[in-house]
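Since the structure comes first, as structure tokens, the remarks are kept for the end.
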Amino acid sequence: MTGGALPDPFAGHSGWTPEPPAPIAPTPAIMGGQLRGRRVLVGLPGHGWRGDLRADEKVVQGSRTYVPVMSEAEWYRAEAEQTEVFAPLVPVERVWVEELGMTAMPSGKQTDVVSRLVSLDEPPRRNPVAALDADALTGRRVVQLLEDGGERRNLRAVTELHTSDAGDICTRVATELDWYRWMWSGKTPRTLEVPVHLLWLE
């Protein structure tokens, strides 16, 4: 873009300001509920957490309960191609399910270190961040807000912010299935251009 002011991402939207999407609130898998296909975190209090994983239903071996867990890429490939994949068994007490919280507390870039401190007893709640406030978007999990108040999840950003042909500030997004298929097959994903005011990082 050469010269001139940047376009206003909120121009032409009739004063409608969407509510932020629901936050991610990790819940212990031991609390019950179906797990197949759910996004999960695994880890150990005091050590750390690993995400971008999907679970299958719990299995019991002897007196212990385990959760089969695999990477999201493996999950999507198995579902798309109807193939079996290896899923390590993780003790259920080390698995947290990504649930949607009740209220969102939008957060931009925080410079106060103290406000960013968390407990290591469980994975932290993750509040949504407006795409406009993010340092980088490509490859990140995003939520598209719909004008009827709904949300579209399981999306990935495939570009950074750019100006559309209509002059709006936008980002192109793809479904996670297409995002991961791009990795294993090389097939370029179908994308949708979404105005930045409707997009948040999960």
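Computed from a prediction, not measured in an experiment: that's the story for all the values here. Throughout, numbering of the chain's residues begins at 1 and tracks the sequence.
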Go through the structure and list residues passing salt bridge (Lys or Arg N to Asp or Glu O under 4.0 Å) with [X], not counting sequence neighbours.
X    : result
R50  : none
E81  : R77
R54  : E72, E176
E193 : R172

Kindly compute the distance separating [atom1] ([X]) from [atom2] ([Y]), expressed to the nearest 0.5 Å.
X    : Y    : atom1 : atom2 : value
Q34  : K58  : CD    : NZ    : 10.5 Å
T171 : L155 : OG1   : CG    : 12.0 Å
E74  : L53  : CD    : CG    : 11.5 Å
C170 : L161 : SG    : CG    : 9.0 Å
T175 : N154 : OG1   : CG    : 9.0 Å

Enumerate the residue pairs fulfilling ring-ring contact (aromatic ring centres under 6.0 Å, His included) with a member in residues 154-177, sequence neighbours excluded, ordered by first and then second residue. none
Which residue pairs pass the ring-ring contact (aromatic ring centres under 6.0 Å, His included) test when at least one of the two sits in residues 21-64, sequence neighbours left out? W49-W96
Side chain to side chain contact (heavy atoms under 4.5 Å, CB included) partners of [X], counting only residues at least two apart:
X    : value
L192 : Q144, R152, V173, V194
T27  : M31, E99
A29  : L35, V92, V95, V97
E151 : P21, A22, V143, L145, R153

If you compare all heavy atoms of [X] against all heavy atoms of [Y], which two are closest, and at what distance to 0.1 Å?
X    : Y   : result
Q82  : E79 : NE2-O, 2.8 Å
R125 : P23 : NH2-CG, 3.1 Å
V59  : P68 : CG1-CG, 4.4 Å

Restricting to pairs with a member in residues 60-69, which pass side chain to side chain donor-acceptor pair (under 3.5 Å), not counting sequence neighbours? R64-E93
Candidates R39, R140, R126 - the one meeting salt bridge (charged side-chain N to carboxylate O under 4.0 Å, His left out) with E202: R39
Report yes if the side chains of H197 and L132 come closer than 4.5 Å at any heavy-atom pair, otherwise no. no
Would you indicate whether the side-chain heavy atoms of L137 and L201 approach each other to under 4.5 Å? yes
Pair I24-L100, side-chain contact (heavy atoms from CB on, under 4.5 Å): steps then yes or no: CA-CA 5 Å; I24 301 298; L100 296 183; 3.9 Å; yes
Can you tell me if E160 uses its side chain to pair, donor with acceptor, with the backbone of T138 under 3.5 Å? yes
Before giving the answer on side-chain contact (heavy atoms from CB on, under 4.5 Å), spell out for R141 and D52 the whole-Å C-alpha distance, their side-chain angles and the decisive distance to 0.1 Å. CA-CA 10 Å; R141 287 165 47 179; D52 288 335; 4.0 Å; yes
Run the side-chain contact (heavy atoms from CB on, under 4.5 Å) check on R94 and L44 step by step: do they pass? CA-CA 6 Å; R94 296 189 180 185; L44 191 62; 3.6 Å; yes
Among Ile, Leu, Val, Met, Phe, Trp and Tyr joined by side-chain contacts under 4.5 Å, find the other residues sharing a cluster with Y76 and list them by chain and number. M70, W75, V85, V158, L177, W179, Y180, W182, M183, W184
